Amino acid sequence: MNTKAEINSKSCASCRHWDQTTNTNEGSCRRNAPQTVVFQVSSEQTIKTVFPSTKATDWCGEHSLRNS
């Protein structure tokens with residue numbers, strides 16, 4: 001069983017795949033390719049690709065420690 005300290009040490013902030021947004025506690029996970037998202041405004045559709053947005057304290061099972 002993981003302790004809270006172990007989970008925090010494996011957060012997005014310490015992961016090599018995480019790209020922090022400037023001066024914030026948020027960023028994007030670059031572990032996998034960006035996902036396609038379809039937006040519809042009125043009758044017009046826009047397709048865009050984005051990486052998942054995460055907070056520094058988020059975590060997942062694919063954490064890979066950032067090199068210092």
Side-chain angles (χ1 to χ4, degrees):
M1 181 175 189
N2 290 338
T3 66
K4 191 171 185 175
E6 287 174 325
I7 291 171
N8 288 340
S9 70
K10 293 183 178 182
S11 67
C12 291
S14 67
C15 184
R16 68 185 299 209
H17 303 292
W18 194 61
D19 184 32
Q20 182 178 12
T21 304
T22 307
N23 297 322
T24 68
N25 191 34
E26 296 180 358
S28 58
C29 179
R30 303 294 178 108
R31 171 68 178 91
N32 296 304
Q35 302 295 307
T36 302
V37 180
V38 179
F39 296 94
Q40 185 163 353
V41 179
S42 300
S43 62
E44 192 173 310
Q45 286 187 345
T46 302
I47 298 173
K48 184 176 181 181
T49 57
V50 295
F51 289 98
S53 295
T54 63
K55 295 188 184 289
T57 55
D58 288 344
W59 60 276
C60 75
E62 296 191 33
H63 181 271
S64 181
L65 190 60
R66 182 184 308 270
N67 295 334
S68 298

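On a predicted model such as this, the values are computed, not experimentally measured, just so you know. Below, all heavy atoms of this structure are taken into account, side chains as well, without hydrogens, waters or symmetry copies.
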Applying salt bridge (charged side-chain N to carboxylate O under 4.0 Å, His left out), which residue pairs with at least one partner in residues 27-43 are found, sequence neighbours left out?
-> D19-R30, R31-E62
Q35 (side chain) donor-acceptor with A33 (main chain) under 3.5 angstrom = yes
Do H17 and S64 come within less than 4.5 Å of each other through their side chains, counting heavy atoms only?
-> yes
Residues that H63 engages under side chain to side chain donor-acceptor pair (under 3.5 Å), provided they are two or more places apart = S14
Who else is in L65's hydrophobic cluster (ILVMFWY, side-chain heavy atoms under 4.5 Å, direct or via others)?
-> none
Just distance, no hydrogens or angles: give the donor-acceptor pairs under 3.5 Å from side chains in residues 44-53, sequence neighbours left out.
none

Can you name the side-chain contact (heavy atoms from CB on, under 4.5 Å) partners of T24, sequence neighbours left out?
-> T21, E26
Could you grab the distance from atom NZ of K55 to atom SG of C12, nearest 0.5 Å is fine?
-> 11.0 Å
Return yes if a side-chain donor-acceptor contact under 3.5 Å exists between W18 and S28, otherwise no.
-> no
